[in-house]
J.: 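Just passing along the structure, written as structure tokens.
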Amino acid sequence: MASAARKKIRVMYFAWMRERIGIPAEMVETSALTVGELVRELSTRDDRYALAFSDLASIRVAVDQELSGFGHALDDVEELAFFPPMTGG
Amino acid sequence: MASAARKKIRVMYFAWMRERIGIPAEMVETSALTVGELVRELSTRDDRYALAFSDLASIRVAVDQELSGFGHALDDVEELAFFPPMTGG
Amino acid sequence: MTVRLQEEDFDVSVEAEALLGGRDDVGALVTFVGIVRNRDDGSLLSLELEHYPGMTEKALGSIEQEAISRWSLNASLIVHRYGKMIPGERIMMVATAAGHRRDAFAAAEFLMDYLKSRAPFWKKEHTTTGSDWVDALPEDERALGRWADDA
Amino acid sequence: MTVRLQEEDFDVSVEAEALLGGRDDVGALVTFVGIVRNRDDGSLLSLELEHYPGMTEKALGSIEQEAISRWSLNASLIVHRYGKMIPGERIMMVATAAGHRRDAFAAAEFLMDYLKSRAPFWKKEHTTTGSDWVDALPEDERALGRWADDA
């Protein structure tokens, strides 16, 4: 079993995710293997993160600017974004 | 049985109906009871009319500016128009 | 709810602006513009559009009324030109303004489908090899069928 | 096939003219304009549009590519604004140019349906009683289902 390498990922937040967490983006160093693992890591940081990530059904995730899911692996990922369902048009 | 009263109707032709008959409109005095009867009357006038009315399936009729059919009665009708299927838009 | 027949060209933005007239209850505006399309071999010189004055306005007006009764519209417009036009020129437009896009899209398609087959317009094409009247397409007549269920 | 993000307003006629660019093989031009709609009680002060720079262009570009692969289009355009807008202002537009109206209408509706649910835009409403993010509508997500059969 390969040990999980530490990696640096740019994490972005939009709309009410940005407002709840309080910042638009940050560099995160993690050994999480999937988006879901990273979310659990972030949620334990403090109440703002815990609240922002409390209802995953209302959160969408983009991996390197492509819509994706919480099961997506983090290998070679440079940019992650979390946001509510989109409301353009 | 009431005898058919003679009546005057303005008859108009559009697109290739107009071109085949050679005039855009005319006043027609007739005792025809329906559009179809009037068409038969007109068809016997000369070759231009006979040719113009030779294929009824490709002719539409408007009675007082409303799309109608060859069975429509001519009572109180003031204006009749014959034309090919419409191609606007 | 306006119907206009004219020989001259029109400007879609100007028409849209007039249609909206500064109101703020419209969320969706759909416009359709019909344009003189050249043939693949480039042989179309011009298109001549004939109509039946009087009946045209009545037919378009009743098609528009039908659209208004079926969908929730704030405003609608039909502008149709007649006379001679060259390839690339605008022939006609419809515009539908609604609170929501579904209504605006459906009403605009409905107006076009009915206008094609039920309004007294006829097109004559002048090409490099002669002139002829444009035939109505069976699919234009069939297109009306899809609105029958909602009647 | 163009995608443009901008803060400033746009003019539908100017965009349409640029899209057609004097070509004469287009028969049908459909445009959709999304407009800031006030609430029934008139309480909306402004709308704020946030987007995800970089991803937005990619998402709109791939939605447009999908439309091009499904319908026979001559040209298409998506313009979307971001920033603050007041009721009555234009938010965005799509335009589709095709030989025939069916393709232009279907592609425009498809672009709108996907743009609504798959492009990273978020609206915040500022009203007389406070500010809140606009919720996505279940029907917007469901609207995507009707394009699945054609895939």
Side-chain angles (χ1 to χ4, degrees), chain C residues 9-17 19-42 44 47 74 85-102 104-106 108-113 115-116 137 139-140 143 146, chain D residues 9-17 19-42 44 47 74 85-102 104-106 108-113 115-116 137 139-140 143 146:
Chain C
D9 191 17
F10 51 83
D11 182 296
V12 177
S13 288
V14 171
E15 300 298 342
E17 218 58 52
L19 191 71
L20 298 177
R23 60 197 296 170
D24 68 359
D25 58 346
V26 170
L29 173 71
V30 170
T31 67
F32 174 92
V33 179
I35 299 166
V36 182
R37 186 166 57 94
N38 209 332
R39 295 173 169 207
D40 290 344
D41 62 1
L44 184 68
L47 192 77
N74 296 115
M85 291 155 234
I86 62 170
E89 272 195 78
R90 282 174 283 271
I91 305 169
M92 51 76 63
M93 72 171 283
V94 307
T96 51
H100 303 281
R101 75 184 187 285
R102 284 277 160 264
F105 269 119
E109 279 210 78
F110 174 90
L111 289 177
M112 284 309 303
D113 281 354
L115 189 154
K116 277 266 170 193
L137 297 172
E139 67 245 41
D140 282 332
R146 67 179 173 142
Chain D
D9 192 15
F10 52 83
D11 180 297
V12 178
S13 288
V14 171
E15 300 298 342
E17 217 58 51
L19 191 71
L20 298 177
R23 61 196 295 171
D24 67 1
D25 58 346
V26 170
L29 173 72
V30 169
T31 67
F32 175 91
V33 179
I35 299 165
V36 182
R37 187 166 56 94
N38 210 331
R39 294 173 170 207
D40 289 345
D41 63 1
L44 184 68
L47 193 76
N74 296 115
M85 291 154 236
I86 61 169
E89 273 195 79
R90 282 174 284 270
I91 304 169
M92 52 77 64
M93 71 171 284
V94 306
T96 52
H100 303 280
R101 74 184 188 284
R102 284 278 159 263
F105 269 118
E109 278 209 80
F110 174 90
L111 289 177
M112 284 309 303
D113 281 354
L115 190 154
K116 277 266 169 193
L137 297 172
E139 67 245 40
D140 282 333
R146 67 177 173 144

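From a predicted model like this one, the values you see are computed outputs, not experimental measurements. Each chain gets a letter, A, B and so on, in the order its sequence line appears, and its residues count up from 1.
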J.: Taking side chain as everything from C-beta outward and backbone as N, CA, C, O, which of these in Ala104(C) sits under 4.5 Å from a heavy atom of chain D? Side chain, backbone, both or neither.
T.: neither
J.: Against chain D, label Leu44(C) side chain, backbone, both or neither, depending on which of its atoms sit under 4.5 Å from a heavy atom there.
T.: neither
J.: Distance from Asp113(D) atom CG to Arg101(C) atom CZ, nearest 0.5 Å?
T.: 4.5 Å
J.: To the closest 0.5 Å, what do you measure between CG (Asp24(D)) and CZ (Arg39(C))?
T.: 13.0 Å
J.: Measure distances from Glu89(D) to the heavy atoms of chain C and classify the residue's part below 4.5 Å as side chain, backbone, both or neither.
T.: neither
J.: Do you know the tightest heavy-atom contact between Arg37(C) and Gly27(D)?
T.: CD-N, 3.7 Å
J.: Does Ser13(C) use its side chain to pair, donor to acceptor, with the backbone of Ser13(D) at less than 3.5 Å?
T.: yes
J.: Who among Val94(C), Asn38(C), Asp11(C), Asp40(C) has the most heavy-atom pairs with chain D under 4.5 Å?
T.: Asn38(C)
J.: Would you mind reporting whether Leu20(C) and Ile35(D) have side-chain heavy atoms less than 4.5 Å apart?
T.: yes
J.: Using a cut-off of under 4.5 Å for heavy-atom pairs, which of Ile91(C), Ile86(C), Val14(C), Asp140(C) has the most such pairs with chain D?
T.: Asp140(C)
J.: Using non-hydrogen atoms and a 4.5 Å limit, figure out which bit of Ala108(D) sits close to chain C: side chain, backbone, both or neither.
T.: both
J.: Report the distance from atom CD of Glu139(C) to atom NE2 of His100(D), rounding to the nearest 0.5 Å.
T.: 8.0 Å
J.: Please rank Gly34(D), Ala97(D), Pro87(D) by heavy-atom pairs under 4.5 Å with chain C and give me the top one.
T.: Pro87(D)
J.: Only pairs of heavy atoms separated by less than 4.5 Å count here; which of Arg23(C), Met93(C), Lys116(C) has the most with chain D?
T.: Lys116(C)
J.: Go through the atoms of Val30(C) and report whether side chain, backbone, both or neither lie under 4.5 Å from a heavy atom of chain D.
T.: both
J.: Against chain C, label Val12(D) side chain, backbone, both or neither, depending on which of its atoms sit under 4.5 Å from a heavy atom there.
T.: both
J.: Side-chain contact, heavy-atom cut-off 4.5 Å: Glu109(C) with Glu109(D)?
T.: yes
